[in-house]
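Residue numbers begin at 1 in each chain, while the letters A, B, ... track the order of the sequences.
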Amino acid sequence: MREVIGSNNRILEIDLSTKKFTVSEINKKDRNMYLGGKGMGLKLLYDRMEPGVDPLGEDNMIAFTMGVFMGSGAPCSGRFEAVTKSPLTGIMTCSSCGGPFGMALKTTGWDAMIIRGKASAPVYLAIDSKGVQFKPAKGIWGKDMNQAEAALLKEGAGALVIGQAGENLVRIANIRSGHRFVGRGGMGAVLGSKNVKGIVAKGGEIKIVPAKKEKFKKIVRRFNKYINNNPVTSGTYRSFGTNSATIACNTTGTIPVRNFTGGSHGEVHKISGETMAERFKTKWDTCKPCTIMCGHKGTIAGEERHIPEYETVHLLGSNLEIFDPVAVSDFNELCSKYGMDTISLGGILGWAMEATEKGLIKTSLKFGSTEGVADMIRDIALCRGIGKDLAQGSRLAAKKYGGEDFAMHVKGLELPGYEPRGAVGHGLGYATANRGGCHLSSYVISIEILFNMANPFTPKWKHYMVKFMENLFAAINSLHICQFTAYAVMFEPFLVKVSPFPLLKVLMGNMAPLAMNLMDVSLFPETWHAILGKHYIPYLGMLKFIKAGERVHVLERYMNTREGISKKDDTLPLRLLTEGRKCDAKEHTVPLEKMLKKYYKSRGYDENGIPKKRLLRRLGIKIQ
Amino acid sequence: MNINKYPEIVPGRKFLKEFYVGIMLWVVGRALQVAAKVDKEVKAELAKLPNNFTLRMMVAPEKAFPLFFYAKLLPSFVTDIGLLPYGIQMFLHKDKEGNIKYIGADPKGKKADLSVIFTSIEAAWLVLSFQESTATAYMHGRFVVEGDLPHSLTFVRALDIVEVFLLPKIISGLAVKRYPKWSEMSLMRKFWKRIVIYIRAFTIG
Amino acid sequence: MLLPSFYDFCCRVKTISGHKALEAIPGLLAGMNARRPLIVTDKGVAAVGLIGIVKKALGSKLKIGAIYDNVPVDSDYKVVDDAAKVYKKKGCDSIISIGGGSVIDTAKGINIVASLGSDTLLDYQGFGAVNRKLNPHVVIPTTAGTGSEMTLVAVIADPDRKIKMLFVSYFILPDIAVLDPRMTKTLPGFLTAATAMDAMTHACEAYFCLEKNPMSDGHAYRAIKLISDNLLKVVKNPGDMKGRLALANASALAGVAFSNSMVGVVHNLGHTIGALCHVPHGNAMSILLPYGMEYNLHKSGDIIGEILLPLGGAEIYASTPKKKRAEKVVELIRKMNQDLHDATGGRHPRFLKEITDRNGKQIVPHSMLPTIADCMMLDGARMSNPEEVLPADAILILEHAWEGTPLNRKKINKGGKKVKY
Amino acid sequence: MHIPDHYEFLNHSKIISGKCALETIPAELGGYDAQKPLVIALKSVVERGLKKKFIKTFSNSMVVLGGIYDEVREYAGISLAQDAAILFKARGCDSIIALGCGPAVDLAKAVNVLVSEKIDNLSAHYEGAAIKGPLKPLIVVTAGRSNGREAANALVVDNRELVSDFLCPDVFIIDPRMTPGSCGESVAESGATAMAQAFAVLTDRGINPMTAAVAHPAMSYLAEYLAKGVKRPKNRQASVALANASVMASAAYSNSRPGMANLLAGELAEATGISAGRFERIILPSVIAAMLKKKAWIEDDLYLAAAGIDGYAATPAGERTQRGLEVSLNIVGGLKKVLPVSLSEMKVQKHFLEKAAKAAAAKSGKRFTEAECASVLAQAWDAAGKVK
């Protein structure tokens, strides 16, 4: 096995129309500016793709990019990124996935892969270190994800597959690798539109060796210590998965109930992570490698299944007023069979239920009832009946049937399972997230609710928190390492650890910039540095690291503004802005306009939300 | 839905305009009564109206100006202005002998043969503050006529003449279509009548 | 275009126009949940066979409840009550009126009584008495002139009290007006001329009188243009269906225009002459129109001048200097009257003295003029004339119109400001 | 003058425009035997402080406002209509006043259907059931941005259209106290919509004298006041004229067939979620340029309305079509500084264009081909049809 020090830097560019591929190299400057993962994927598409192409057309490209951490043995580094123009939102979408395909592709010798064009007939791609083979997908086209993946895995260590939903160009279709998904933004439909059923990478052809082995070992030890000490990463997430947040969110009124009309519900404990862990006797089932261990599997309805994640539980559960964990798991299994994003699906079903209630469409769906839900999921995946329209996403469905005021999406992407009226900073995060209604772009709710460090109802400094977290997470997703490690890295260093909690809270509430910049996240750049070594690129300091994150975020924003995104799209569903909730003693809404103005200013956008030229120049983004 | 968020709204009143319009109606009524006595032209014009004829000028809607319980306590001068108690209105009566008389503002026991109704207080204000001429106001629907249209034309014509008598040219020029020339109405007659009508309107009637 | 400081415009009637417009009626009535109409008409219309045409066009889709053809020329409330009884007895649910102004007004009255439930029209006098939606009412005008199908007024006489009762309400407006050239096909030339000139007068007066507004202007402009383009053609060639359709349209357009912009001295005098001497309305209108314009020339000459464009065409308009345009309009109207006079073999009168009855007797004797001038003061149309009209002025106009000489404009009493619309 | 062999025309709404127009509302309501209206108001209008002025005009009248439901924003959805209907019933109202244009009117129409037909939602009507009887009186007080559907016999709630002659508002009140716009942009958008509608009516081959008579003043006012109104949105005279133009254009348009600019703009607006007015402003010049190139036949009405009587008469008959188009181009050009002039400037995704052209051609009833639509859009992509 060949050893590669630091990073391999090879890009595989595949043109399906001509069935040819080319090999190119990531240059040092780009590596330094955009790191890898998400940043690199965006940069590659930015250089190659014209704005205004049809997401489901030939001209769209999809990039799969690995980070520098992948394969190095850094903790929680088993993640890769997929970037494309989303058919659901019509703008760029980036999705992180922890499946085995990333490691397989990286160890096959590729740091990135770009697919363009459209195959004339269904194919699957088999990748090895020499290049790619286009193989007809006759046998697996039309099969569900389980069967297709099993078939492909015969030829390599990791595979990506789409289900029937992707084949049918369902705009919320996802891509699967192992038990993990490239979930959001309808990437499955992009592959489906290119007639690609799956991609399999041989794996195991090269081995990544860190440049500074000793330092790297030390850092990994420190990293693991942080993770194991942090109560979230080592405690709740490790024991109960992401769904451990349910109870905290329910008491603070931040779970979606009944298509985002309410923020808490009395029966939520039935679907909490703790209940599920006990009831289904869960075991770990995670990305590889991982130290946090948030993924779980358990025995549900007599078979071993993956335990639904927080978002799945709330979008397919509480949002539909369904509090039966087995039913939620059933829906989850259907989604992973047909290949659909559970968050978007939950949003769509919530919309459909309310639209049915209001007489806009005719379905058998009803809030609080599981009846017809499974059938509707099948209909959506297979584009049957009204499912065909629902498969277009809640935005397009609402355009056709009405009910745009309660279609819970931002920029076309359905909202995840946090109710922003209980955490306004998180609401701003939804509005400004580049790919649409996304919780992972900034996840300010972690500060507002999970760590209880800021008042969730005041707009004070929320713009700064959102900005800081966006930059940080963009950088983390470019390394690429699990986002949850950020909690450990942010809160475990000495200074934060010894500060009394009330002081931290006061600081965060009143001087957020100071508080946030005091957080020492230098562990990330240090790891990066240990892997790549100084001889390869200049030293990456913490500020530079955050700036790289900012660059990635602003580049994505800039790419989106070329597709027509502006202030008008940075908004929330009307319901969140105008309707008070019954679960609040005093009705309140998200004061978005106020926060947005400040956010634009601190970001360096103009009042219409377009990045100013000065900002782009400062970040070194070439204006096209 | 919380319907208390959208309260019912009972609109208020425009007291100043009510006051002005009330006074003006009184002046118009009294002036017509006097002019019919002292001026031949007005008399001839009003002679076209049948005898025993009651004319009413009012601002709609009548019910918007409720009868206050204390109305009876007020001196008749105040109630006759038509200001508060009976709505803003005035009555002119032509008796059997053909004399025109202003008979106050109390609608009780009076049956109007012809009603000239201003559609709103604002409309009455526009007309009676001479921002719109009588003809324009009619075109713009500022007042409607209930009863025989020909009679109302007679009335409007008489009103036009009285306006010329009462008001300086600069104002009445706005109110009438064609200001009479000297050949039609001599200066002497105009000024003399103006004085007489004013004095009598405010005194003996 | 002029923007008035205030105006209102209302024309609620759905217009159906075309060579096969009648055939659309069953569908439209069905759309309003009506299946069994009462047909209201007069003997004259029935005599020329128009009912047959309508019946044939309605076909079998619609069951006609009854046909009431007893409407006299001057309709009164007794006729209305009588017809309403027929309506109720036969279980009708809508009205189709076929005829001229009198028939249409009667039908409006019938609709009030039949829809609101009382036995007699007398119950619905006064402001606001008609206060809810009436049953569907389809109007098929046969004269191309009155524009009565477009107005929200119904004038119905009360012979006992010798007054004309005025019913004004939005709900009185017919629902549908059907303009079909087949209905005017049999109209003789001189009547075509008279009714069309009536419409012309509506349009012209609507264009220059006080309540003119942008919408009425748009309608009036097109009415004038259609009439000036088509009238002579149709009079000369009565079978010209295209021309007939154009005239029917023009009449409706003029009806819309004048019912929203009111009319002036021409109608003022015309109504009075009609009432006192029983002159056909159209004839009085066509004779007085040029005089009415001349009378108002000094006040609204510019506006009257604009009429030259639809009346004479762009070439004449452009070649006439601005100041002369209004005079040219008057000249053209006179010429039009003259042409019609020639084309109808003298049956279209040019001056008041030319109007004769069947026996060749003058209808308007010269001695009547002072009486007309006095009574003129009682007609509502004088309010909306740009210039004040007093008996002395009326005499001036009437004298000239009687003789047929152009108005001596030096004698007109001038004063006051320019008209503010 | 062209008279088609068959046409139907309905302009149900009464227009009351000018000084003290608001004060006529009690009398108008009285004509319908109503005296307790529910007011459905645009949030933006209320926020501009017009609510107080509006209420004041009812002084000294018997009218009691059953409530001012001011939750209407950009989107008209059934939930709002249901809420307003509850309010309507709870207060025992008997009529509806829409304060503001666009969604407020759509919503008021929907509420009217709900309360008059006594139903909970519109699903039956979406499936084709006809609206049965006459509805409650609906008065529209124009203010704010128009979407060109106010005077039409249709409502669009939840992006779905219902058509019925009963839906026409009964009265339009255009009062100088209410019409002044908040910014040049919204005036320009309403203006562009009205312009596209009037243009579509006046260039339609099936034009009839009635629609022409209504579209004529609309076009004239646009020609005279649009540039001024956009420059000075607070100008009362211009704003009244433009509000008039909007109402007239939408009344005429609802009796006519949609033009190419309307169809294309509608498709693009649906695809992008940006208001159609902006697209109309961009596409109209390209449509006009294409017509100029094609030397299409157009009734004289367009030039007459746009250039006024004198301008019209001074032009030889043969040149009127062309000059009419040129003048229209200039009117649209007056919006150059406030609205974007090209689709690329609007950052419309290029792949939408093809679909829009296809859909527009399909909806046009074979009047335009897909190729024509596509070429117009291609021209509109990069600021084509530059104004002279």
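Judged by distance alone, with hydrogens and angles left aside, the side-chain atoms of D:E224 form a donor-acceptor pair with the main-chain N or O of C:M1 at under 3.5 Å. A side-chain donor-acceptor contact under 3.5 Å links D:Y221 to the backbone of C:L2. C:R132 contributes no side-chain N or O that, together with a main-chain N or O of D:Y32, makes up a donor-acceptor pair within less than 3.5 Å.
Only the side chain of D:Y225 comes within contact range of chain C, with at least one heavy atom under 4.5 Å from a heavy atom of that chain. For chain C, no part of D:P316 is nearby; none of its heavy atoms comes within less than 4.5 Å. Proximity to chain C is absent for every atom of D:A34, based on heavy atoms less than 4.5 angstrom apart. Proximity to chain D involves both the backbone and the side chain of C:L253, based on heavy atoms less than 4.5 angstrom apart. No part of D:R236 comes within reach of chain C, as not one of its non-hydrogen atoms sits under 4.5 angstrom from that chain.
Residues C:F6 and D:T24 have side chains in contact (heavy-atom distance under 4.5 Å, counting atoms from C-beta outward). Side-chain contact check for D:D33 versus C:F171: every heavy-atom pair is 4.5 Å or farther apart.
Here the straight-line distance linking atom CG of D:N11 with atom OG1 of C:T15 works out to 9.5 Å at 0.5 Å rounding.
The pair D:D310-C:R325 counts as a salt bridge, with a side-chain nitrogen and a carboxylate oxygen less than 4.0 angstrom apart.
Residues from residues 213-222 of chain C that place a non-hydrogen atom less than 4.5 Å from a non-hydrogen atom of chain D comprise C:P214, C:M215, C:G218, C:H219, C:Y221, C:R222, given in numerical order. Listed in order of number, the residues of residues 201-210 of chain D that approach chain C to under 4.5 Å between heavy atoms are D:P209, D:M210.
Other residues, nucleotides and ligands place no more than 12 heavy atoms under 6.0 Å from the NZ atom of D:K132.
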